[in-house]
Enquirer: 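I have a structure here, written as structure tokens, and I will follow up with some questions on it.
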Amino acid sequence: MDPSLTEALARSLGLERALAEHRDDVLAAGERAALIRAALPDPRDPAVEPVPPMRAGPRP
């Protein structure tokens with residue numbers, strides 16, 4: 001992840017002090033989060049979920 005994007009995200013989350021005191025750690029955490037997110041599968045279409053939607057009352 002681009003360091004400027006990580007910094008902008010950290011600032012938008014109110015982490016200015018963490019950036020000021022531990023910039024390298026914040027950037028490393030952002031990079032690690034990007035790697036973990038890249039390893040996750042893409043979200044599936046909710047219409048193909050194997051579990052029926054939760055509804056009150058008897059089932060048809």
Side-chain angles (χ1 to χ4, degrees):
M1 181 183 287
D2 182 34
S4 61
L5 177 59
T6 304
E7 288 182 24
L9 287 171
R11 284 192 180 91
S12 72
L13 295 169
L15 299 175
E16 292 88 3
R17 184 174 171 194
L19 272 172
E21 296 177 9
H22 307 285
R23 183 178 183 276
D24 293 337
D25 292 332
V26 172
L27 294 177
E31 189 64 35
R32 181 72 175 149
L35 290 173
I36 290 171
R37 174 59 188 104
L40 293 175
D42 289 333
R44 297 182 303 175
D45 182 11
V48 296
E49 286 292 322
V51 178
M54 303 296 248
R55 294 187 190 142
R59 293 184 188 214

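Here the structure is a predicted model, which is why all the values come from computation and not from measurement.
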Enquirer: I need the E31 CD to D2 CG distance, nearest 0.5 Å.
Expert: 10.0 Å
Enquirer: So which atom in A10 and which in V26 form the shortest heavy-atom distance, rounded to 0.1 Å?
Expert: CB-CG1, 4.0 Å
Enquirer: Side chain to side chain contact (heavy atoms under 4.5 Å, CB included) for R11 and L19? Distances and angles first, verdict last.
Expert: CA-CA 8 Å; R11 284 192 180 91; L19 272 172; 3.7 Å; yes
Enquirer: If you measure from OG1 on T6 to CZ on R23, what distance do you get to the nearest 0.5 Å?
Expert: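 CZ of R23 is found 9.0 Å from OG1 of T6.
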